[in-house]
Colleague: 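Got a structure for you, questions after.
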Amino acid sequence: MAGSTQDLSQQHDRRERRLMIMLLAPALLVVVVLLVLPLLWLAWQSVRQDGGFTLAHYERFLTDPVYWMTFLQTFRIAAIVTAMTVLLGYPVAYVAAGLSQRWSIVVLTMVLLPFWTSVLVRAYAWLILLQRNGIINSALTGSGLIDAPLKLVNNEFGTVMATIHILLPFMVLPLYATMKKIPGELTMAGASLGGSPLHVFLRVFLPLSLPGMIAGMVLVFVLTLGFYITPELLGGGRTYMVSMLVSRNIEVYNEWGAASSISVVLMVCVFLIFRLVSLLIPFERIMGTR
């Protein structure tokens with residue numbers, strides 16, 4: 001009797017597993033076709049030249065300073081953008097988390113407003129704002145604060161400013177989600193024990209909000225690494241990022257192998273970033289699942 005009950009339980013478990021596999025099959029197929037196969041093709045292209053195997057495309061990273069300088073500039077801009085979004089986004093998320101539900105929705109709606117327009121439109125808007133005859137320079141010269149227009153575009157400054165504006169919501173939203181989960185009783189307990197508001201914030205609130213901050217930093221940093229339209233428009237050819245290096249290799253030189261090797265190296269860098277972050281703080285805590 002016990003043996004038949006165990007057999008029925010095992011058959012039930014097998015049916016459930018088959019059913020789960022059938023339910024997951026369409027999603028797995030989409031992931032394989034749209035993600036896994038293109039990545040495999042990309043890796044294959046990076047080691048192919050004239051129909052044979054080669055590592056020449058990867059050797060350029062050791063011999064061509066343009067590659068190194070482009071990667072260093074890209075990572076430096078990503079670090080600047082990430083730091084600025086933390087400084088700008090943390091106060092916004094802190095205020096939104098402390099407001100009532102209705103006013104929190106208003107603040108978050110204002111944060112999400114840029115998502116209603118495309119990245120291209122927002123980049124062109126910043127181009128209009130920052131150019132020599134743009135709104136900012138016209139206001140500064142008209143008020144007499146400056147004698148000549150400032151060079152705010154076609155350089156790294158314009159690229160960083162536009163990128164910060166575009167990616168700021170990716171910092172605010174994870175911070176807000178984490179801050180809303182922090183019990184208010186903890187800060188009240190810290191204050192009742194004699195802690196000043198600054199001391200309570202630094203010792204209680206800030207450590208508890210770190211998972212959201214790290215999640216936002218990873219999102220902003222990784223997204224900045226792959227930005228193309230913004231540096232192309234606002235950089236004016238002087239701010240050269242990895243995405244532009246990939247584009248030039250394909251459009252100008254028709255070097256698919258070189259472009260693929262650059263993409264593979266960037267992808268490995270992103271994986272290493274995620275791995276380093278997971279060693280510092282488990283992703284379960286960052287995503288708020290525990």
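As a basis for the values below, the full set of heavy atoms in this structure was taken, side chains included, without hydrogen atoms, waters or symmetry mates. Along the sequence shown, the residues carry numbers beginning at 1.
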Colleague: Around atom OH of Tyr124, are there more than 12 heavy atoms from other residues, nucleotides or ligands closer than 6.0 Å?
Modeller: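 It does not: Tyr124 OH has 12 such atoms or fewer within range.
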Colleague: Could you check whether any side-chain heavy atom of His57 comes within less than 4.5 Å of a side-chain heavy atom of Glu255, counting everything from C-beta outward?
Modeller: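 Yes - at least one pair of side-chain heavy atoms lies under 4.5 Å apart.
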Colleague: Given side chains that start at C-beta, do those of Tyr58 and Val264 come closer than 4.5 Å, heavy atoms only?
Modeller: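 SC-SC contact between Tyr58 and Val264 confirmed.
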Colleague: Give the minimum heavy-atom separation between Pro207 and Pro211, together with the two atoms involved.
Modeller: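 Smallest heavy-atom distance, with atoms named: O-CD, 4.0 Å.
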Colleague: How far apart are the closest heavy atoms of Leu55 and Phe53, and which atoms are they?
Modeller: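 The answer is CD2-CZ, 4.0 Å.
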Colleague: Please name the pair of heavy atoms, one in Leu88 and one in Pro91, separated by the smallest distance, quoted to 0.1 Å.
Modeller: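 Heavy atoms of Leu88 and Pro91 come nearest at O-CD, 3.6 Å.
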Colleague: Does Gln49 reach the main-chain N or O of Gly257 with its side chain, forming a donor-acceptor pair under 3.5 Å?
Modeller: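 Side chain of Gln49 to backbone of Gly257, a donor-acceptor pair under 3.5 Å: no, none is there.
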Colleague: Within the structure provided, determine whether Cys269 and Leu225 are in side-chain contact (heavy-atom separation under 4.5 Å).
Modeller: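 Heavy-atom side-chain distance check fails, nothing below 4.5 Å.
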Colleague: Could you point out which residue of Leu140, Leu234, Asn137 forms a side chain to side chain contact (heavy atoms under 4.5 Å, CB included) with Leu152?
Modeller: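 It is Asn137, the one option of Leu140, Leu234, Asn137 that forms the side chain to side chain contact (heavy atoms under 4.5 Å, CB included) with Leu152.
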Colleague: With clusters defined by side-chain heavy atoms of hydrophobic residues (ILVMFWY) lying less than 4.5 Å apart, directly or transitively, does Val30 cluster with Leu35?
Modeller: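 No, it is not one cluster - the side chains of Leu35 and Val30 are not joined through contacts under 4.5 Å.
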Colleague: Are any of the side-chain heavy atoms of Leu245 and Arg248 separated by less than 4.5 Å?
Modeller: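 They are not in contact (no side-chain heavy atoms under 4.5 Å apart), so the answer is no.
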Colleague: Should we say atom CZ of Arg203 is surrounded by more than 12 heavy atoms from elsewhere, each under 6.0 Å from it?
Modeller: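 No, because the 6.0 Å sphere around CZ of Arg203 holds 12 heavy atoms or fewer from other groups.
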Colleague: Answer yes or no: is there a side-chain heavy-atom contact under 4.5 Å between Val242 and Phe75?
Modeller: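 Val242 vs Phe75: side chains apart.
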Colleague: Are the side chains of Leu266 and Phe71 in touch, meaning some heavy atoms are under 4.5 Å apart?
Modeller: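 They are in contact (side-chain heavy atoms under 4.5 Å apart), so the answer is yes.
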Colleague: Measuring only between side-chain heavy atoms, which start at C-beta, is Met161 closer than 4.5 Å to Leu129?
Modeller: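 In short, these two side chains do not touch, never coming nearer than 4.5 Å.
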Colleague: Can you confirm whether Phe271 is buried at CZ, in the sense that more than 12 heavy atoms of other residues, nucleotides or ligands lie under 6.0 Å from that atom?
Modeller: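 12 or below, so no.
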Colleague: Working note: Phe274 + Phe221, criterion ring pair (Phe, Tyr, Trp, His ring centres under 6.0 Å); need CA distance, chi angles, decisive distance, verdict.
Modeller: CA-CA 11 Å; Phe274 279 109; Phe221 192 88; over 10 Å; no
Colleague: Please give me the minimum heavy-atom distance between Ile128 and Gln131, naming the atom from each residue.
Modeller: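 In this case the closest contact between Ile128 and Gln131 is O-CG, 3.6 Å.
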Colleague: Has Trp41 got more than 12 heavy atoms of other residues, nucleotides or ligands less than 6.0 Å from its CH2?
Modeller: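 For Trp41, atom CH2 is crowded (more than 12 foreign heavy atoms under 6.0 Å).
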Colleague: For Ser243, is there any backbone N or O sitting under 3.5 Å from a side-chain donor or acceptor partner on Ser247?
Modeller: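 A pair under 3.5 Å: no.
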Colleague: Looking at Arg275, is its backbone amide N or carbonyl O close enough to the side chain of Ser278 to form a donor-acceptor pair, meaning the two atoms are under 3.5 Å apart?
Modeller: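 Side chain of Ser278 to backbone of Arg275: a pair is present.
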Colleague: Do Val86 and Val220 have side chains that get closer than 4.5 Å, going by heavy atoms?
Modeller: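 No, side chains not in contact.
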Colleague: Treat each ILVMFWY residue as a node, draw an edge where side-chain heavy atoms are under 4.5 Å apart, and state whether Met267 and Trp44 are in one component.
Modeller: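 Shared cluster, no.
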Colleague: Is Tyr176 reachable from Leu206 through a run of I, L, V, M, F, W or Y residues, each pair having side-chain heavy atoms under 4.5 Å apart?
Modeller: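 In one cluster: yes.
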Colleague: Do you know the tightest heavy-atom contact between Ala96 and Ser104?
Modeller: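 What the structure gives for the nearest pair is O-OG, 2.5 Å.
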